[in-house]
There are 2 protein chains.
Amino acid sequence: MSQVFWMTIYPAPILTVDVVLLELREETLWVGILQRGDAPYSGSNALPGGFVHTDEDANTEATALRIIREKTGLNGVFCEQLGTFSSPDRDPRGWSATVVYYALVRGERPTETALKWVPVDEPGDLAFDHNAIVAAATDRLRAKGSWSNLPAFLLPPTFTYSELRRTYELVLGTNLNDSAFRRKMDEMNLIEPVVGQKSKATARPAQLFKLKSEAICSLNRRI
Amino acid sequence: MSQVFWMTIYPAPILTVDVVLLELREETLWVGILQRGDAPYSGSNALPGGFVHTDEDANTEATALRIIREKTGLNGVFCEQLGTFSSPDRDPRGWSATVVYYALVRGERPTETALKWVPVDEPGDLAFDHNAIVAAATDRLRAKGSWSNLPAFLLPPTFTYSELRRTYELVLGTNLNDSAFRRKMDEMNLIEPVVGQKSKATARPAQLFKLKSEAICSLNRRI
DNA sequence: AAAATAGTGTCTGTGAGACAGTATCGC
DNA sequence: GCGATACTGTCTCACAGACACTATTTT
């Protein structure tokens, strides 16, 4: 290991991977947190995270997906790199960097886990620099929501026009015109109808739709 | 150091910082590369990069700015995190991650340095995964160019409408309508005239402009 | 029938492309 | 004068907001 060579000059920074799990429920965006057991910040709330398992992780995204699987039991969620946060002070163990991913949980939150959900705008005091990281993740979601199909990944696989529009409204923090939204969605060719009908109890049922592609894609127009 | 605890379980990944220096010259985007002296990939071309100096770098961006300063002598260039690239194979020394920044050099390339400049679209074979990283950086530049003032940072501090439009055209790979571009720039309030005039030798001199703010900002409309 | 939500049709203002027309320089 | 580039004015089309209107369900 020639790694020893430079480690004698500069100690290797601590490298971790953290995940911002985001979920939409009851008209609010929630972030998943865990109470830490080990030091540092033992007992504090923090984002789920961990070290790279160099024997099994193909890259830091694989680490993030493994952490998501371990903490929530979920597979196949939308997961994207947010950025790397670093400083000499953010971790009392020394100079550290954390590669952060954010993930969107579709529909129902997983149960039977230690994960707690708190509103993204009032997550309370989190360990490390995790408050700043949560803020950066919501900024990214709101920014990217205006020109991509990202908000759709906060919904279950099938959804109505109204649910999709309401999701965009909550992510973007604005009200959207109903007919203009339908027009844009129709023309942008992102969603397709499913034969089943939504059995909304109170009024006329709505057509259910699903994404044509399970991949994130940018829109030629703004929402 | 409780760092020892987890290092006994998983060896710490190698963490580096790399910089994609981009420059616009002769109607082409160029990327700055260095010939490597040390192993691995000794003799190959690679992006300028290095390890975090934990005694002096406040974060990985500071590392990137220090690398830019050391390799080009430039201060105050636009520099932004592109992302972190990682894998067990990208560095023969072991599992590694590199935090990549891209920087835009304004106007004249620095001389008297070991830096070589190659076209971003044909950079030749680069060490590590640096070809993929250069491609990701140009993708980011092209994407962000369409909704921000980013391309202006490829120009000298003062420039004409025509030069700014040409820069956007080269970054975006499309032709832009002259009068529409002027209208948008006027309304978006990003640039302001400077009293001096450009002394273009061949024809009518053009008004020089400068950015109102030296910060990157997103546009409310697309270019 | 009334209430409620789903979905459609049409008017209108605004912004962007197209392009003609004017201005100012070197020669 | 002419060529060249800088800049301005105007026409038109397309898109998005507004909103009235119709449709289909539950109660």
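We name chains A, B, ... by the order of the sequence lines, and we start the count at 1 in each one.
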Task: F159(B): partners by ring pair (Phe, Tyr, Trp, His ring centres under 6.0 Å), with sequence neighbours left out - done: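 With neighbours one apart ignored, the set is empty.
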For [X] and [N], give me the distance from atom [atom1] to atom [atom2], rounded to whole Å.
X	N	atom1	atom2	result
R182(A)	dG9(C)	CZ	C1'	13 Å
Q207(A)	dT8(C)	CD	P	10 Å
L208(B)	dA6(D)	CG	P	11 Å
L176(A)	dA16(D)	CG	P	12 Å
N175(A)	dC19(D)	CG	C1'	15 Å
F181(A)	dT8(C)	CZ	P	14 Å
M185(B)	dT8(D)	CE	P	15 Å
I191(A)	dG7(C)	CD1	P	10 Å

Task: Contact state string [nucleotides 18-27 of chain C, B base, S sugar-phosphate only, - no protein heavy atom under 4.0 Å] - done: BB---BBBS-
Contact check, side chains of [X] and [Y], non-hydrogen atoms, under 4.5 Å:
X	Y	answer
L208(B)	T160(B)	yes
Y161(B)	R165(B)	no
V52(B)	T16(B)	no

- [ ] Enumerate the residues from residues 162-171 of chain B whose closest heavy atom to DNA chain D is under 4.0 Å, giving them by residue number; use none for an empty result.
- [x] S162(B)
Task: Passing candidate, side chain to side chain donor-acceptor pair (under 3.5 Å) with Y101(B), options Q81(B), E80(B), E61(B) - done: Q81(B)
Task: Residues R166(A) and E163(A) bridged, charged N to O under 4.0 Å - done: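 Between E163(A) and R166(A) there is no salt bridge, as every charged N stays at least 4.0 Å from the carboxylate O atoms.
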Open item on the list: Salt bridge check, R66(B) against E70(B): does any charged N sit closer than 4.0 Å to a carboxylate O?
Closed with: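 A salt bridge is present here (some side-chain N lies under 4.0 Å from a carboxylate O).
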Open item on the list: Let me confirm one number: the CG-CG distance from D18(A) to L47(A), rounded to the nearest 0.5 Å.
Closed with: 5.5 Å
Open item on the list: Donor-acceptor check, side chain of D129(B) to backbone of R90(B), threshold 3.5 angstrom: yes or no?
Closed with: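 A pair under 3.5 Å: no.
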